[in-house]
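Atom set for the values below is all heavy atoms of this structure, side chains included, hydrogens, waters and symmetry mates excluded.
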Amino acid sequence: MNQPMPFHHPIVIEPPDAPEYLSHMGIAVPDVTAAIQAGDVSARNMTTHHPVTAAGLMRWIYVVGTMRERLAVTKLWVGDDPKNRPISQRKDGTYTLSVVGGNEITGIIDNPRGPSAARRRGKATEEAVNDMVPLITVQALRGSARADESDVRKQPPQGPWFLVYHRDTNAVRMEISLPLGFEDGQFTGWNVRVILDEWRPDSDSARPRDIGGQDVNFKVVEVG
């Protein structure tokens with residue numbers, strides 16, 4: 001039987017402070033919102049004639065594409081695809097940003113643990129998280145002076161950050177967060193969670209929730 005994931009309280013940056021905090025990374029909240037909106041529009045274009053996973057997959061594709069395009073315009077970030085895993089990377093090597101669909105805890109401020117990925121992730125994500133060790137970890141913070149946590153609240157630690165989103169009935173909740181680690185296809189917790197205001201479509205009508213397909217893992221195999 002699998003043991004429960006170790007528990008750590010992440011540092012939480014709440015929505016009013018998110019724009020300034022993310023600006024230190026070169027991420028603008030309107031760009032994140034634009035990516036979430038593009039994903040929602042694409043997902044809503046799927047009909048009952050499409051495969052049941054189409055809406056979730058198309059949402060992820062358009063969030064990834066729009067987010068990477070917006071970041072590239074800043075000239076601070078460049079797109080990369082290590083092991084076919086689409087990411088954005090800061091040119092100075094300080095940060096990476098990936099996109100993943102999250103569970104219903106995504107964007108909930110007062111949840112003590114934070115979200116999990118909606119679907120278990122593959123080896124490429126595990127390597128990306130565990131091989132790029134953040135400069136400041138929760139374990140270090142708990143054993144050091146309180147001023148260290150204050151420093152993290154002022155400046156995002158280096159490392160592999162994730163835009164995590166969840167399409168609920170009437171809105172998309174989202175956060176940009178730094179994982180604590182990764183094991184058995186799932187995040188083990190979070191160092192820092194930057195919670196953004198939820199995004200709601202212009203129409204008041206509720207949309208169906210995504211059914212799977214938030215993102216994909218695959219490897220290219222040479223055939224010969």
Side-chain angles (χ1 to χ4, degrees), residues 4-15 18 21-22 25 27 29 31-40 42-43 53-68 85-88 95-122 124-126 128-130 138 156 159-201 207-217:
M5 292 181 182
F7 179 77
H8 297 279
H9 283 280
I11 294 171
V12 176
I13 308 298
E14 298 193 12
Y21 192 79
L22 293 176
M25 300 171 67
I27 298 174
V29 172
D31 289 341
V32 181
T33 303
I36 293 296
Q37 181 176 5
D40 203 70
S42 177
T53 58
L57 179 57
M58 294 304 295
R59 181 187 304 280
W60 177 78
I61 288 172
Y62 273 81
V63 174
V64 170
T66 305
M67 192 73 248
R68 294 214 295 177
R85 178 174 168 267
I87 68 171
S88 291
Y95 304 107
T96 65
L97 183 67
S98 310
V99 176
V100 65
N103 65 359
E104 67 279 357
I105 296 171
T106 303
I108 302 296
I109 294 174
D110 57 359
N111 184 277
R113 183 183 294 278
S116 299
R119 297 170 62 239
R120 289 188 176 275
R121 311 304 308 124
T125 303
E126 179 177 353
V129 173
N130 293 338
V138 167
W161 290 73
F162 285 78
L163 167 56
V164 189
Y165 65 85
H166 177 75
R167 179 51 151 108
D168 211 334
T169 304
N170 296 306
V172 180
R173 294 193 301 276
M174 61 192 121
E175 58 186 82
I176 293 181
S177 298
L178 177 65
L180 176 69
F182 199 88
E183 185 178 354
D184 295 330
Q186 192 57 266
F187 298 106
T188 60
W190 303 91
N191 283 319
V192 185
R193 298 178 64 207
V194 183
I195 311 297
L196 303 179
D197 288 321
E198 67 179 20
W199 177 84
R200 289 179 174 267
R207 298 292 179 179
R209 300 182 185 184
D210 296 343
I211 302 175
Q214 285 88 352
D215 38 16
V216 293
N217 276 310

[atom1] of [X] to [atom2] of [Y]: how many Å apart, nearest 0.5 Å?
| X | Y | atom1 | atom2 | answer |
| --- | --- | --- | --- | --- |
| His166 | Asp168 | NE2 | CG | 4.5 Å |
| Tyr21 | Ile176 | OH | CD1 | 11.0 Å |
| Leu178 | Thr96 | CG | OG1 | 9.0 Å |
| Leu180 | His9 | CG | NE2 | 12.5 Å |

Distance-minimising heavy-atom pair for [X] and [Y]:
| X | Y | value |
| --- | --- | --- |
| Val164 | Gly101 | CG1-C, 4.5 Å |
| Ala117 | Gln186 | N-OE1, 2.7 Å |
| Pro10 | Pro112 | CD-O, 3.2 Å |
| Thr188 | Arg113 | O-NH1, 4.2 Å |
| Ala55 | Ala43 | O-CB, 3.4 Å |
| Pro201 | Asp40 | CB-OD2, 4.2 Å |

If you define the side chain from C-beta out and look only at heavy atoms, does anything of [X] sit under 4.5 Å from [Y]?
| X | Y | answer |
| --- | --- | --- |
| Val192 | Trp161 | yes |
| Val99 | Trp60 | yes |
| Ile87 | Leu97 | no |
| Met67 | Ile36 | no |
| Phe162 | Ser177 | no |

Can you check side-chain contact (heavy atoms from CB on, under 4.5 Å) on Trp199 and Thr33, steps first, answer last?
-> CA-CA 7 Å; Trp199 177 84; Thr33 303; 3.5 Å; yes
With Ser88 via side-chain hydrogen bond (donor to acceptor under 3.5 Å, both in side chains) - residues at least two apart =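 Not a single residue meets the side-chain hydrogen bond (donor to acceptor under 3.5 Å, both in side chains) criterion with Ser88.
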Please identify each residue that fulfils side-chain hydrogen bond (donor to acceptor under 3.5 Å, both in side chains) with Gln37, with sequence neighbours left out.
->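 For Gln37 there are no side-chain hydrogen bond (donor to acceptor under 3.5 Å, both in side chains) partners, ignoring immediate neighbours.
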Just wondering, more than 12 heavy atoms not from Tyr62 lying within 6.0 Å of its OH?
->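 No, not enclosed.
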Please collect all salt bridge (charged side-chain N to carboxylate O under 4.0 Å, His left out) contacts where either partner lies in residues 185-195, sequence neighbours excluded, each pair once.
-> Glu175-Arg193
Tell me, please, which residues at least two apart from [X] pass side chain to side chain contact (heavy atoms under 4.5 Å, CB included).
| X | value |
| --- | --- |
| Ile109 | Val12, Glu14, Pro15, Ile195 |
| Ala34 | Arg70 |
| Asn103 | Ile105, Thr106, Pro115, Ser116 |

Between Arg85 and Ser98, a side-chain donor and acceptor under 3.5 Å = yes
Has the side chain of Arg173 got a donor or acceptor atom that lies under 3.5 Å from a matching backbone atom of Tyr165?
->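 Checked: no pair found.
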